[in-house]
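Working notes for the structure below.
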Amino acid sequence: MQPDLFGPRDDILAPGAMILRGFAAQPEILAEVTRIAAVSPFRHMQTPGGRPIGVEMTNCGALGWVSDRGGYRYQAQDPLTGRPWPPMPAGFVALAGAAAARAGFPGFRPDACLINRYVPGVKMGLHQDRDEADLGAPIVSVSLGLPATFQFGGPERRDPVAKHGLAHGDVVVWGGPARLNWHGILTLKPGEHPATGAARINLTFRRAR
DNA sequence: GAGTGTCC
DNA sequence: GTGC
């Protein structure tokens, strides 16, 4: 058993990384996602090599993460609509800030929220989040809908990875010494969730600049 | 430039 | 699971 230093619903993954169990189960979050996707729809992006990325993505906030033949980057315009991404809802900013503070990173003000939609059979391979200008800010990742297995390793690609189950409402926060740790999501298993149907929605809050 | 994918 |  882990010692109860942070509360019965928190798991420590590594120094600077923790899971806040059930921190983000409010139904308003998914209502906001629906509104965002009505303006900037979910779409498949491509790797710079031209291969399709399995998850469907959209963004809200001042900056959105995009990938295409031109590379990985953050930009203010949605390439699909040519317009700015939908603004980040105030509730998202507050939720991400509260989660970060609880995990030991006070003052987090995200300017980017990448929204990923997983369906059964889709995964995200091990990678680092390193496209952000401000690596001093943490990453806040909210899981909604179908459960998934999260892999979390270390700062080197060869470091061992541990697996952690993520359920609806769980929030993973990592920063400081864990900010560049490798992570990914195993292939989503078939299922249905009352809040999302046959899908998992992930919100990733970042300070991109 | 690219590996959020695919091959061995 | 690994290296690319």
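Letters A, B, ... mirror the listed sequences (proteins, then strands); counts begin at 1. Note that the coordinates shown come from a computational prediction; the quantities given were computed from them, not determined experimentally.
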Any Asp78(A) side-chain heavy atom under 4.5 Å of Asn59(A) side chain =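 No, their side chains stay 4.5 Å or more apart.
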inquiry  = For a 4.5 angstrom cut-off between non-hydrogen side-chain atoms, does His183(A) reach His127(A)?
reply    =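 Result yes, sub-4.5 Å side-chain heavy-atom pair found.
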Rounded to the nearest Å, what distance is computed from the [atom1] atom of residue [X] to the [atom2] atom of nucleotide [N]?
X	N	atom1	atom2	value
Asp131(A)	dA2(B)	CG	P	14 Å
Trp182(A)	dG3(C)	CH2	P	12 Å
Gln151(A)	dT2(C)	CD	C1'	13 Å
Tyr74(A)	dA2(B)	OH	P	20 Å
Asp159(A)	dT2(C)	CG	C1'	14 Å
Arg130(A)	dA2(B)	CZ	C1'	8 Å

task = Could you tell me whether Arg73(A) atom CZ has more than 12 heavy atoms of other residues or ligands within 6.0 Å of it?
result =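 Check passes, neighbour count above 12.
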inquiry  = By the definition side-chain contact (heavy atoms from CB on, under 4.5 Å), identify the one residue from Leu20(A), Val142(A), Ile139(A) that meets it with Val173(A).
reply    =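 Answer to the side-chain contact (heavy atoms from CB on, under 4.5 Å) test with Val173(A) among Leu20(A), Val142(A), Ile139(A): Leu20(A).
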ask   = Taking NZ, NE, NH1 and NH2 as the nitrogens, is one of them in Asp134(A) or Arg206(A) under 4.0 Å from a carboxylate oxygen of the other?
value =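 Arg206(A) and Asp134(A): not salt-bridged.
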task = Look at Asp111(A) together with Arg207(A) and state whether they make a salt bridge at an N to O cut-off of under 4.0 Å.
result =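 Salt bridge: yes.
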task = Map every base of DNA chain C to its dot-bracket character, where paired means a Watson-Crick or G-U wobble contact with both distances under 3.5 Å and | marks a partner outside the strand.
result = |..|
Shared hydrophobic cluster, Met18(A) / Phe23(A) (ILVMFWY, side-chain heavy atoms < 4.5 Å) =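 As far as the 4.5 Å side-chain criterion goes, Phe23(A) and Met18(A) are connected within one cluster.
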query = Can you tell me how far CH2 of Trp174(A) sits from CG of Asn181(A), rounded to the nearest 0.5 angstrom?
reply =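 Answer for the CG-CH2 pair, Asn181(A) versus Trp174(A), is 9.0 Å.
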Using atom types as modelled, flag every donor-acceptor pair under 3.5 Å from a side chain in residues 25-34 of chain A to any protein atom, sequence neighbours excluded.
| residue | atom | partner | partner atom | Å |
| --- | --- | --- | --- | --- |
| Glu32(A) | OE1 | Arg35(A) | NE | 3.2 |
| Glu32(A) | OE1 | Arg35(A) | NH2 | 3.4 |
| Thr34(A) | OG1 | Leu30(A) | O | 3.1 |

task = Taking atom P in both dA2(B) and dT2(C), compute the distance separating them and give it to the nearest angstrom.
result =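 Going atom to atom, P in each nucleotide, I get 24 Å.
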Any-strand Watson-Crick or G-U partner of dA2(B), both distances under 3.5 Å =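 Answer to the pairing question: none, since dA2(B) forms no Watson-Crick or G-U pair.
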Write down the protein N/O and nucleotide N/O pairs, taken from nucleotides 5-8 of chain B, whose separation is under 3.5 Å; answer none if there are no such pairs.
| residue | atom | partner | partner atom | Å |
| --- | --- | --- | --- | --- |
| dG5(B) | OP1 | Gly54(A) | N | 3.2 |
| dG5(B) | OP2 | Gly125(A) | N | 3.0 |

ask   = Which part of the nucleic acid, if any, lies within contact of Met45(A), taking any heavy atom under 4.0 Å across all strands shown: a base, the sugar-phosphate backbone alone, or nothing?
value =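 Answer is nothing: Met45(A) stays at 4.0 Å or more from every strand.
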